[in-house]
Asker: 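To start, I am sharing the structure in question, which I have written as structure tokens.
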Amino acid sequence: EVRFVETGGGLVQAGGSLRLSCSASGLAFDDYAIGWFRQAPGKAREGVSCVSASAGSTYYPDSVKGRFTISRDHAKNTVFLQMNSLKPEDTAVYYCAAADSGHGCYSHRINKYDFDSWGQGTQVTVSS
């Protein structure tokens, strides 16, 4: 059974930082692109970053570019999302998920419909 567990969320003031972790089990971790997504109340789930299976490609939308950094540790089957200079509009539940290698995560976009096996999410709240 594929399973993702997201941790690291919390309450932080605007301008602060958080580091999210996504631990994966039940899959050949090296064969999958991993994406981070977020969903705020009343809004659609949006991709905030992804890293290809080889870690050779990463993607960030303009809304987080320069503030968020994704990385993956193949030895620990874990993907991290370092979030700096947080803004109140970053408040959401953050999820990670996997996509088959070569799908979902591209240098210029992320396709959320290629991702599945979603974790339970971790809440990030940024106060103003």
Side-chain angles (χ1 to χ4, degrees):
E1 177 188 4
V2 177
R3 186 164 180 249
F4 289 96
V5 178
E6 302 96 336
T7 58
L11 173 63
V12 64
Q13 289 188 331
S17 298
L18 285 172
R19 189 191 194 206
L20 305 184
S21 298
C22 168
S23 297
S25 60
L27 78 169
F29 183 73
D30 295 356
D31 293 341
Y32 291 86
I34 304 296
W36 279 101
F37 301 82
R38 67 186 180 189
Q39 188 165 20
K43 295 188 177 180
R45 188 168 297 187
E46 62 170 339
V48 295
S49 186
C50 65
V51 57
S52 64
S54 67
S57 293
T58 57
Y59 168 78
Y60 306 93
D62 288 343
S63 58
V64 308
K65 192 175 294 182
R67 301 188 297 121
F68 290 11
T69 304
I70 193 170
S71 61
R72 65 189 297 165
D73 185 331
H74 289 273
K76 296 182 178 179
N77 281 13
T78 300
V79 172
F80 303 99
L81 185 67
Q82 179 67 43
M83 306 188 297
N84 298 328
S85 302
L86 284 163
K87 305 175 180 179
E89 51 263 44
D90 294 319
T91 295
V93 179
Y94 283 69
Y95 303 88
C96 61
D100 290 339
S101 179
H103 296 80
C105 183
Y106 310 94
S107 60
H108 58 286
R109 67 183 181 94
I110 183 171
N111 183 357
K112 65 181 179 181
Y113 300 107
D114 283 345
F115 287 82
D116 58 16
S117 301
W118 300 89
Q120 84 290 346
T122 185
Q123 176 70 47
V124 171
T125 303
V126 185
S127 63
S128 58

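Given the structure is predicted, the values throughout are model-derived calculations rather than measurements.
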Asker: Taking the six-membered ring for Trp, is the centroid-to-centroid distance between W118 and F37 below 6.0 Å?
Answerer: yes

Asker: Enter the distance from I70:CD1 to S57:OG here, rounded to the nearest 0.5 Å.
Answerer: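 It comes to 11.5 Å.
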
Asker: Does atom CD (Q120) have a neighbourhood of more than 12 heavy atoms from anything else shown, all under 6.0 Å?
Answerer: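 Atom CD in Q120 is crowded, with more than 12 foreign heavy atoms closer than 6.0 Å.
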
Asker: Looking at SG of C50 and CH2 of W36, how far apart are the two atoms once the value is rounded to the nearest 0.5 Å?
Answerer: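 Here the rounded value is 13.0 Å.
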
Asker: Between F4 and S117, which heavy-atom pair has the shortest distance, and what is it?
Answerer: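 The pair with the smallest heavy-atom distance is CD1-O, 2.7 Å.
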
Asker: To the nearest 0.5 Å, what is the distance between CG (L20) and CD (Q82)?
Answerer: 8.5 Å

Asker: Determine whether more than 12 heavy atoms belonging to other residues, nucleotides or ligands lie under 6.0 Å from atom CZ of R3.
Answerer: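 Incorrect, the count does not exceed 12.
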
Asker: Strictly below 4.0 Å, N to O, side chains only: are D90 and K87 in salt-bridge contact?
Answerer: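 K87 and D90: not salt-bridged.
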
Asker: Does R45 make a cation-pi contact with F115, if we ask for NZ or CZ under 6.0 Å from the ring centre and within 45° of the axis?
Answerer: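 No, cation not above the ring by the 6.0 Å, 45° rule.
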
Asker: If Ile, Leu, Val, Met, Phe, Trp and Tyr residues are connected whenever their side-chain heavy atoms lie under 4.5 Å apart, and connections chain through other members, are Y60 and L86 in the same group?
Answerer: yes

Asker: Examine distances only and state if a side-chain atom of R72 and a backbone atom of D30 form a donor-acceptor pair shorter than 3.5 Å.
Answerer: no

Asker: How long is the span from the CD atom in E6 to the SG atom in C22, to the nearest 0.5 Å?
Answerer: 5.5 Å

Asker: To the nearest 0.5 Å, how far apart are OG in S49 and CZ in F80?
Answerer: 13.5 Å

